[in-house]
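Order of the sequence lines fixes the chain letters, A, B, ..., with proteins taken first and strands second; residue numbering starts at 1 for each chain.
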Protein chains: 2
Amino acid sequence: MKKSDINSTEIARLAGVSRSTVSRVINNYSNVPAETRDKVLKVIAEHNYFPNASAQVLAGKRARTIGLFLIEQGRVSGDILTNMLIVSVIEHASEHGYYVLTHIIRDAKDTEMIQNVREIFFQRRIDGGIFIGADNREPFIEQLVDEGFVIGVVDQELPEHPEPNRIVSNFNNDSGMKQTVAYLSGLGHTQIGAINGDMNRLSGRTKHEGFKQAMGMCGLTINPDWVLDGDFNETSGYESIQALLARKIGLPTAIVAANDSVAFGAIRALKEHGIRVPDDISIIGFDDHALSEKHHPALTTIRVDMSEMLKRMTSFLIALIEQKPLAMKEITMECSLVVRDSCRRI
Amino acid sequence: MKKSDINSTEIARLAGVSRSTVSRVINNYSNVPAETRDKVLKVIAEHNYFPNASAQVLAGKRARTIGLFLIEQGRVSGDILTNMLIVSVIEHASEHGYYVLTHIIRDAKDTEMIQNVREIFFQRRIDGGIFIGADNREPFIEQLVDEGFVIGVVDQELPEHPEPNRIVSNFNNDSGMKQTVAYLSGLGHTQIGAINGDMNRLSGRTKHEGFKQAMGMCGLTINPDWVLDGDFNETSGYESIQALLARKIGLPTAIVAANDSVAFGAIRALKEHGIRVPDDISIIGFDDHALSEKHHPALTTIRVDMSEMLKRMTSFLIALIEQKPLAMKEITMECSLVVRDSCRRI
DNA sequence: CTGAAAGCGCTTACAG
DNA sequence: CTGAAAGCGCTTACAG
């Protein structure tokens, strides 16, 4: 019932060596003869001894912990994507012997919340942190980078002269957006609208830029009435369509949504007005959300490998923490069209 | 670019007091005059000082971290429920000023994985841990309890003489199961089958017991051919129905699934064989999974408040860690029927 | 190859 | 009300 309170002094005594030697064995120093090592390891195993992490860190070792910071607006967080992200980071960190301290930031502009995040870094609980869902160039993250902490940010611009302690990762949103327009154009659509994502996020901007460029390349003109504001949420997709319908102007024959959640919301609004997808209007998403395949209609979208991206981000971050040479500071992942049932030929 | 490496000695010097006093201010000792306190706090704020967590822990303070251990079989973990659990624990721990170290256990019988978990406790990285998805009386968890660690286990039996360092939480599965049978019985069903959950889990057993009892109370007999094995996964629901259909015996008019995932799998298998739900057979689930409402047909099920349960579990665990008096060692949550479209009157 | 000793940055009796 | 000092459990130059 009593917690075994054995420490390195005790192990040293039982093995008949000094604490220095015990420490050398634990830290795999090469200058310990096999015999001594085995003797010490035996005592360690017999007594269920694990070195106290705080003492190790205080003595200069790494915390072997990375922070995972999820910036999620107030909304309920039953998101399946979020879960994939978390699990991906945890599992890959684990493979490197690292632990993950997850923290949720409900409002990245709230001073107190920012202070909580800073505290985690300054208290040295973590060796580095990954941020997901941040605005591009979010000031408090920039500050942490300036302060020298090892930081990885998903969906973020890499500065022209990147600091050695910063890495970013992105999908090739430009390519993805061009694929959506190319596909719709191929189906004969010329009247194509878009629901934008959050323009404070890098992906919101690059997707919109990609859309504009692709429309031009395909010789199509953009009708500003059909370019709707959104913020990557289901609700924003729903509301943007409601607003569009309320204006009682003509509809495009196809809409490119900034992501699948937005597409779901848009389809929900359309359905409520008796407008059928894809019979009356085609909708294409972005992300290939876990639900898109099961959605009615099954959503045509751009597939993106979040799990793999976070895996790479985690490995890169750990490499950076351990000061291993890193080939690059930016991870870019390709993405590609998945055709399902939400778009039709015109 | 250089990390500010200020410590309490430096703060003390700048404030013109001793480190003892700085520590007293940080730890809210009552015997520090307001003037001294303010002077110190000012210096702390000016210099972005946060006490080193490792040093605090080593000196005897709590790590203010709880471990969240998810036991999930090898399968892909894009589960929306898992995400709710994680987020619920993180947010409520955060409210108490605690951090969460999440760890995934792919195989609770693997010695190395168990050792990894033990390490986290023995290294004193965490003050206590919550386990989700464990078998009832999982040996390695029992051992951690014996070793005196503060442990909370979801879906677990409380021993007759509970240790002071153990808490458990459960849904009233018995009640839930009785509601499913009562509802089906009310719809006129007499030929009711069941797909069991994992019988190593407490909920698997209590749901099955509840089913048997409820059938008896409603004066219905159980046909053993219609009581199928399962393990709480979509796949097991699918496979159990495939196996049943392969036997080419009669079907029940209704099936109670151990949870919604199992129900989804069962419906998928039935659909593949052209058997319609609810027209040809009624299916009722358990959990009210986030997808159940959007499922075709929308799933009739038992609603359970996972998020609230984990919230309570987290609060209880922290109370236990802080040695606050705890009214009870077991959390039991009620659950109730949600009628949708997957069952029909006979 | 190995031990004695200093040091990591805190907290907290202890003494005044 | 406050400071000097011991102690938490490690690691790692340093010396031999």
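A 4.5 Å side-chain heavy-atom check between A:V100 and A:T65 finds every atom pair outside the cut-off. For the pair A:R64 and A:Q56, the minimum side-chain heavy-atom distance is 4.5 Å or more. The shortest side-chain heavy-atom distance between B:N52 and A:Q123 does not fall under the 4.5 Å cut-off. In this structure, the side chains of A:R125 and B:F50 stay at 4.5 Å or more apart for every pair of heavy atoms.
If you take CZ of A:R64 and C1' of D:dC10, they are 16 Å apart, rounded to a whole angstrom. One interatomic measurement links the two molecules: CZ of B:R124 to P of D:dC10, which rounds to 11 Å at whole-angstrom precision. Across the protein-nucleic acid pair, B:I6 atom CD1 and C:dC8 atom P stand 15 Å apart, rounded to whole Å. At whole-Å resolution of the value, CG in A:N52 and P in D:dC10 are 6 Å apart. Summarising the geometry, the separation between CD on A:E10 and P on D:dC8 is reported as 13 Å, rounded to the nearest angstrom. Between the CZ atom of A:R13 and the C1' atom of D:dG9 there is a distance of 16 Å, rounded to whole Å. Here the C1' atom of nucleotide C:dG9 and the CD atom of A:Q56 are 16 Å apart, to the nearest Å. Atom-to-atom, NZ of A:K39 to P of C:dT2 comes out at 8 Å; the value is rounded to the nearest Å.
Taking the six-membered ring wherever Trp is involved, the centroid distance between the rings of B:F122 and B:F149 falls below 6.0 Å. Checked against the 6.0 Å centroid threshold, A:F69 and A:F121 count as a close aromatic pair.
When Watson-Crick and G-U wobble pairs are counted only if both distances are under 3.5 Å, D:dA4 pairs with no nucleotide at all. For D:dA13, there is no paired base (Watson-Crick or G-U wobble, both distances below 3.5 Å).
Taking a 4.0 Å limit (strictly below) on heavy-atom distances, residues 17-35 of chain A reaches DNA chain D at A:R19, A:S20, A:S23, A:R24, A:N27, A:Y29.
The line from CG of A:D127 to CG of A:L101 is 11.0 Å long, rounded to the nearest 0.5 Å.
Residue A:T36 is in sugar-phosphate contact alone, with no base atom involved, counting any heavy-atom pair closer than 4.0 Å across all strands shown.
A close approach under 4.0 Å does not occur between any side-chain nitrogen or oxygen of A:Y49 and OP1 or OP2 of D:dG9.
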